[in-house]
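Accompanying notes for the structure given below.
Since this is a predicted model, take the numbers as computed values, not measurements. Residue numbers start from 1 in every chain, and the chains themselves are labelled A, B, ... in the order their sequence lines are given, proteins ahead of strands.
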Amino acid sequence: MDPILAEIYSTVFQAAPYVIGAYVLMWLVLAVFVVISVNGLKRTEKQLAALEEAVNELAGKQQ
Amino acid sequence: MKEQRIGWGQRLDKIMTPMFIAGVLFCVVAFVLSFTLAPLVLGAQVDTPALIGGQMVTNKLLLSQKIFYFHMPVAVVSMASLLFTAVYGALFLRSRKRKHDIRAKVATEIALVFVLMTMVSGELWERFEWGVWWTWEPRLTTYFILMLLVIGYFILRNAVGDPERRATYAAVFGIIAFIDVPICFLITRLVPSGVHPVVFRTDSGLAPNMLVPLLIAMLGFCCIAFALYRYRLRTELLLARTEEIKEQLELEGA
Amino acid sequence: MSGSKGVSAFKHYRILLAKDLRQEFRSKEMLSSMGIYSILVLIVFGATLAQTSAKVDIVQMSSGLIWALLIFTSLLGLNRSFAHEKEDAALEGLLLVPMDRSVIYLAKATANLLFLVVVELIVAPLFYVFFLSGSELSITLPLVVWPLLAGTAGIAGIGTLLATIAINTRGRDVLLALLFIPLAFPLLYACVSATTVAVVGGAAIDFAYVPALALAMGYDIVMLLVSWLLYDYVVSA
Amino acid sequence: MKTSVAKTASNSIAADQDAPAIFVKKLSKAFGARKALDNVSFSLPRGSFLTIFGHNGAGKSTLLRILATLARSSGGNAEVLGYNLVQNPESLRAHIGLISHKSMLYLDLTAEENLLIAARLYGVGAMNDGDSSCADFARGNNSDCAARVNNLLSAVGLTSRRHDVVRGFSRGMTQRLAIARALIHNPRLVLLDEPYSGLDPNAVVVLDKLIAEVRESDNKRTFCMVSHDLQKGLQMATHVLILERGRVALFGERASLGDDNISKCYYASLGIQDDSAKFKDIMARPQDTPANLKGDFARPKDTSAKPKDTSPQANLSAMPNDTSVQGNLSANNDALARSTSQQNQGKEALR
């Protein structure tokens, strides 16, 4: 790596961790949000199932 | 709260997951292009030029600028979702319908996620550019204020008990926050604060081959944002529906 | 904007403003609490700045300090401003009157503005005596009045609306501060810049003072207009 | 003290004279899950005294606040004193007086100041004799306001305490001053939101006398009172409205309904003498261990694996999107409503 090239690319190596860090963190934030919303939907569906049972129970009792 | 728009709602839900995948793909393409197609931005002058790949290179090449290709689209998307918050807030104030309030809340959630992404990328970029963890530089302060406003929005929502009052306060605060952001954007630039030279980034004039990855990334993040919005919205509407049933079941004494 | 039977909105405004002033004059609750609080803050500033070596240029920092003091004092005052209305639901009594409800906003904002100005009249000289008596100040010092006024108007304007929201929520004063400071940040940013230029003087006075002041006033106009339009929804919620 | 509340010389013309005082049609108030009011309809002639009963959360206060233009209805419409409640509530406010257990007074101001401010806000002087408007503050010739204020102060017996700050008043005196404030602009419709709550016995007597007096003073004035106390509520009522879970359980003239019928429906709506087996059964077994009790309320845990039937309830768990979900569930709700309307669970009484 002759000195001129080294100088031209000098900032590249120092910047590399920050660039990688930036991209990784960004995707991380997105991934966390996706996970939270998926869990949210699952929890809602669980409640829905519980309600469905209640409805069946009542419907059963009526007939 | 019956949902009248039968057709429209279903169609949007159907295209939700493909939209998300398309968005991610676009971002990956943009990521690759930003490293291959777009040249490294020229940094400081180098005393002896060198021949690299058939081109005379006279400046240091800056890698840190690569963050820009994701930082800018994410920031724009966060502004857009805050716009949705304000629009749905205004709609709620006029119609008093709960569905507008739910949409405003979900739009603000998306805004929060994208503001966090903007802050993260902006922060690391600043860290390398200025070498310090925080500077009162106009762009960074504006996003920080935007983040505080969005967090304040959610804390306000949790602090109010009565659902209608909560919706009204959230709508009003959403509108004011949306108006405050451009003002903050403007004032932090135009006020000639002696301590900090106002740096106008040269990134506005982009070479075409730098523009391509930027636009693709923008498109990608818009798709992702929309897909997440629909997903969260469906969950919230479902949740509202289950509460309604619970209320009725309880009333009927089940 | 006509109230019932010839009672014009301006009259409603005057009646409500007179009511606020009379209440404050009698109970002196807001003025005393804000006045004492700001003097305490001055003492804290004193403690923090006393040990600094001569190197610290107090003149440059003075406007920043005074604005910090003003922001937190006004937060305290804004929290109290709706205490009278909240007590025994007096606000609902006002909502029953056949008048345009944003008049309540204008009256309360003006009252808050007047109280803040009174506190500033007490605190500014004290601040000068405590910190700036030693150093020489530029002749443009009196120009400080305009940014102070513009800033206080903005604080009173946006603060009154947020106080109306915060009074009906749990954790009121924390919430008011949390909502108020990010919203008032641009105003603070512009006012501090204008005040610093006025205090320090020098060449910056001609190119920096007017734009900063103009921006602060622009902020006031926009925010007061928006708050005035949205107030009916907030107070009737 | 027998000075009657000032009769107004020129009766301010409401929209039109013979329209019913309150005409409510399918009024509803719902935000998301909670249905505070569910298409309430009734019509109240002028000069009558309506008392509204109902269990906690039946929507009594919500209805009153909507009539007082303090809250907004989400459906249906209402005409009060000829004014449409939804289109122009503002002009209606000039003819409404609200007395609630909260006095709506400024505690740091004196009795007289409170009334003067109210009088000026309502433009009382202007209303009485048209020309000299309730004088502008600066000129200070608020003679007609002052006259009206003095008159009211003597009517409620607070003349001696007119210069005292309201904070020092007893609950009864504050309530009387609140009534004076509510009547300052001689409203055509007086709304009372549980005025007796928190009053000591002699204050109650004074309040009764005052309300009776106000009723005599103008037989065209309409009253609407929300009350928990059946006996006190019925005492002056000409009409009765009983709300149950936001719906009208009973409405009509007291004379035609008959007091015993009203009280039966009143207690039924409260769900106290409820004879449903389950409710009695639980109360009858005090010595039960909590675990056992919990069993009754908790959902049966070990539900056997359900065969995948295709009855309407089943596709609840199918992948719902926001629209089809409403379709199926509303079908079930009607089923629920039909099945349990007669079986009146005493859940509320337990709460």
Ignoring hydrogens, what is the shortest heavy-atom contact between D:Arg181 and C:Leu94? Give both atom names and the distance. NH2-N, 4.4 Å
Which of the residues D:Arg72, D:His101, D:Arg167 is involved in the greatest number of heavy-atom pairs with chain C at under 4.5 angstrom? D:Arg167
Any heavy-atom pair between the side chains of C:Leu96 and D:Tyr122 that's under 4.5 Å? yes
Is D:Ser91 in contact with chain C via its backbone, its side chain, both, or neither, using a 4.5 Å heavy-atom distance? neither
Are D:Glu90 and C:Arg101 within salt-bridge range, i.e. N to O under 4.0 Å? no
Shortest non-hydrogen contact from D:Leu121 to C:Met99? CD2-SD, 4.5 Å
Spacing of D:Ser103 atom OG and C:Glu87 atom CD [to the nearest 0.5 Å]: 9.0 Å
Which atoms of C:Ser236 are under 4.5 Å from chain D, going by heavy atoms: the side chain, the backbone, both sets, or neither? backbone
When C:Arg26, C:Glu85, C:His84, C:Gln23 are each screened for side chain to side chain donor-acceptor pair (under 3.5 Å) with D:Tyr106, the one that passes is C:Glu85
With a cut-off of 6.0 Å (strictly less than), are more than 12 heavy atoms of other residues, nucleotides or ligands near CZ of C:Phe72? no
Search all heavy atoms of C:Ala90 against all heavy atoms of D:Leu105 and return the closest pair with its distance. CB-O, 3.8 Å
Flag side-chain contact, heavy atom, 4.5 Å: C:Arg14 against D:Arg120: no
Run the salt-bridge test on D:Glu113 and C:Lys19 with the 4.0 Å N-O cut-off and return the result as yes or no. no
